[in-house]
Amino acid sequence: MPFPCKTAPPIQGASPGREDHALTVDSLNQLLLFSALVLLIAVAAVRLSSRSGLPSLLVYLGIGVAIGQDGIGFGFSDAALTQVLGYAALVVILAEGGLSTKWRDIRPAVPAAAVLSTFGVAVSVTVTACAAHYLVGLEWQAALLMGAVVSSTDAAAVFSVLRRVPLPKRLTGVLEAESGFNDAPVVLLVVTFSHLDTEHHSWYFLLGEIALELAIGLLAGLVVGKLGELGMRHVALPASGLYPIAVLALCVLAYAGGAMAHGSGFLAVYVAALILGNGKLPHRPAVRGFADGVAWIAQIGLFVLLGLLVTPHDLWKDFWPAVLIGLALTLLARPLSVFLCLDRFKLPWQDKVLLSWAGLRGAVPIVLATIPMVADVEGSQRIFNIVFVLVVVFTVLQGPTLPWLAHKLRLDRSDEAADLDIESAPLERLRGHLLSVAIPPSSRMHGVEIAELRLPTGAAVTLVVRDGTSFVPLPSTVLRHGDELLVVTTDQVRDSAERRLLSVSRGGKLAGWLGSGGSTALHK
């Protein structure tokens with residue numbers, strides 16, 4: 001007999017006297033319908049944002065505002081719930097960022113990114129807080145909160161723009177690492193400034209506490225990442241779809257473990273994801289694809305929720321204060337922090353100019369602005385409104401102009417060879433691996449014969465798929481852009497076979513003979 005939806009009892013655990021808000025099967029159906037429509041509209045809107053060059057976060061925020069009380073009329077004002085869900089979404093977004101970041105690209109940039117994420121944040125907070133106090137008239141606690149909230153670059157916004165802007169790897173490495181690292185110290189600063197009235201600690205005590213929490217978070221990320229990589233490599237799961245779930249669960253475990261140990265969970269999840277994403281895991285592209293999809297859902301849900309929380313008709317009175325603080329942040333605080341912190345790294349001035357302009361803000365500052373609201377800090381609603389306007393206005397300004405600035409500074413690198421997309425599937429009983437290799441358009445493997453790959457003994461190209469047709473190649477078969485290869489290797493030569501394929505993709509058939517990548521370590 002069909003379940004009587006309209007008379008279904010509320011789910012256990014609902015608060016007494018709150019039947020109007022209890023979740024029934026009927027209300028669940030409505031919620032799922034509403035959520036599915038919002039997701040479909042948001043997915044369709046990605047094409048609009050990609051054509052206009054605007055980060056998709058603006059579209060999602062617009063959807064939330066349109067649904068809210070000044071639009072369709074859906075009322076929502078729960079800052080505490082927004083903060084909790086925002087933290088959960090940021091965990092997923094940071095996990096995806098770490099899984100998709102190539103350690104080979106960011107390793108040289110880690111020292112610079114670490115300085116920007118610590119001393120650079122301090123400079124940015126100080127300058128922006130002074131501007132908020134003297135130009136806008138905020139009290140010092142509110143001004144410090146404003147400086148801390150907007151000093152973090154947003155991982156989702158940065159990763160979104162970097163997918164469209166082909167910058168040199170030294171710059172993408174700094175931007176990716178900085179956006180992954182700086183959330184941790186900024187969150188600690190915002191929480192500290194939100195409780196200045198109840199906690200009286202000296203500045204050096206606060207600095208020591210922040211350093212300790214970062215160290216605990218780093219350690220938690222390293223432990224979970226290393227142990228997770230070791231376990232995933234030696235445990236053959238019965239279905240390939242379980243690998244992405246297990247990897248994402250490990251990332252969440254790193255966050256929760258680091259946070260419960262009174263460390264920085266955000267730093268822990270990014271470090272763990274970075275280790276897992278660059279480890280020799282089975283089905284790596286599938287893992288990254290799954291994480292990318294979950295991160296998109298997190299971004300859409302987070303931005304729509306933040307759009308719902310804001311009251312548009314209250315924003316106009318804070319428009320010009322937001323513009324003034326944004327100008328101080330973008331034209332003074334960010335460039336000052338970049339040029340001061342990166343002076344010893346001897347980067348060209350063009351790099352510093354681009355890094356100054358590429359400090360994109362997004363969901364992170366808006367989520368952080370809910371922390372003082374939950375803590376009942378005086379003026380917290382105004383801080384939230386100013387941050388919301390600042391993020392929208394300067395994302396519209398910076399996002400579309402970043403490719404133009406990169407071209408003017410001659411930092412566009414659209415002609416660089418791309419790495420291969422290699423997916424590995426373990427053959428446990430046969431003690432071997434199947435490598436699925438896709439040759440991208442910019443790969444230098446184009447025009448190379450199978451024999452010229454010079455794969456190690458124990459590895460062989462067994463199948464080529466070209467234009468939808470598969471065939472067994474000969475040693476003289478010439479590879480082309482768009483080909484997909486099936487390479488069979490033994491356990492012993494799997495790593496060297498992958499290194500060789502990546503070397504040829506970057507350096508062509510003479511890779512190794514002419515010092516063009518033959519000894520390149522495997523990083524993806």
Side-chain angles (χ1 to χ4, degrees), residues 52-55 57-66 68-71 77 79 82 121 123-154 157 186 189-190 193-194 303 306-338 356-373 376-402 405:
S52 64
L54 295 174
L57 69 91
L58 293 179
V59 180
Y60 303 149
L61 284 174
I63 293 174
V65 171
Q69 58 183 12
D70 281 4
S77 59
T82 302
V121 165
V123 172
S124 182
V125 170
T126 302
V127 174
T128 307
C130 289
H133 178 71
Y134 291 110
L135 297 181
V136 179
L138 295 181
E139 296 295 330
W140 273 116
Q141 183 182 14
L144 287 171
L145 277 169
M146 179 65 65
V149 163
V150 299
S151 63
S152 174
T153 57
D154 183 70
V186 168
L189 284 176
V190 174
F193 293 151
S194 296
F303 294 138
L306 292 172
L308 281 171
L309 187 62
V310 74
T311 306
H313 65 261
D314 290 338
L315 298 178
W316 297 111
K317 62 178 178 292
D318 294 315
F319 178 83
W320 289 113
V323 171
L324 288 175
I325 295 175
L327 288 174
L329 172 68
T330 306
L331 301 181
L332 183 59
R334 173 68 179 182
L336 188 61
S337 64
V338 168
S356 299
W357 191 248
L360 300 178
R361 273 69 190 173
V364 172
I366 305 177
V367 172
L368 295 182
T370 63
I371 295 178
M373 294 177 68
D376 291 327
V377 176
E378 185 178 355
S380 57
Q381 183 61 54
R382 190 185 184 199
I383 293 174
F384 181 86
N385 291 342
I386 291 176
V387 170
F388 190 94
V389 174
L390 186 153
V391 167
V392 171
V393 171
F394 285 88
T395 299
V396 172
L397 178 65
Q398 291 175 271
T401 57
L402 191 57
L405 181 62

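Contact between A322 and I386 at its shortest, heavy atoms only, is CB-O, 3.5 Å. Across L138 and H133, no two heavy atoms sit closer than the pair O-ND1, 2.8 Å. Across F388 and L61, no two heavy atoms sit closer than the pair CE1-CD2, 3.9 Å. For the pair V391 and P365, the tightest heavy-atom approach, listed with the atom from each and the gap, is CG2-CB, 4.2 Å. In plain terms, the two heavy atoms of T128 and S124 that are nearest each other are OG1-O, 2.7 Å. The two residues T370 and A79 have their closest heavy-atom pair at CB-O, 4.1 Å.
Atom CG of L324 sits about 10.0 Å away from atom CZ of F319, to the nearest 0.5 Å. Here OG1 of T311 is found 6.5 Å from CD of Q381. Values are rounded to the nearest 0.5 Å. To the nearest 0.5 Å, atoms CG (L331) and CG (L336) are separated by 12.5 Å. Rounded to the nearest 0.5 Å, atoms OG (S152) and CG (L360) are 11.5 Å apart.
Side chains of W357 and T330 form a contact here, defined as non-hydrogen atoms less than 4.5 Å apart. Between I366 and L309, the closest side-chain pair of non-hydrogen atoms is not below 4.5 Å. Put simply, the side chain of Q398 does not reach to within 4.5 Å of the side chain of L402, judged on heavy atoms. In this structure, the side chains of T82 and V367 stay at 4.5 Å or more apart for every pair of heavy atoms. By the 4.5 Å heavy-atom criterion applied to side chains, V310 and F384 are counted as neighbours.
Side-chain atoms of Q141 come within 3.5 Å of backbone atoms of F193 as a donor-acceptor pair (strictly under, hydrogens ignored). In this structure, T395 contributes its side chain and V392 its backbone to no donor-acceptor pair below 3.5 Å. The backbone N or O of D376 lies less than 3.5 Å from no partner atom in the side chain of S380, so there is not a single donor-acceptor pair. Looking at R361, its side chain does come within 3.5 Å of a backbone N or O of V150 through a donor-acceptor pair.
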Practice task
Step by step, work out the side chain to side chain contact (heavy atoms under 4.5 Å, CB included) result for L390 and L329.
Solution key: CA-CA 10 Å; L390 186 153; L329 172 68; 4.3 Å; yes

Practice task
For the pair I371 and L368, evaluate side chain to side chain contact (heavy atoms under 4.5 Å, CB included) and give the outcome as yes or no after the intermediate values.
Solution key: CA-CA 5 Å; I371 295 178; L368 295 182; 3.9 Å; yes

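With V125 as the partner, the side chain to side chain contact (heavy atoms under 4.5 Å, CB included) test is satisfied by one option alone out of V121, V127, V123: V121. With V387 as reference, I383 is the one residue of V389, N385, I383 to meet the side chain to side chain contact (heavy atoms under 4.5 Å, CB included) rule.
By the 30° and 60° cut-offs, the orientation of the rings of W140 relative to Y134 is perpendicular.
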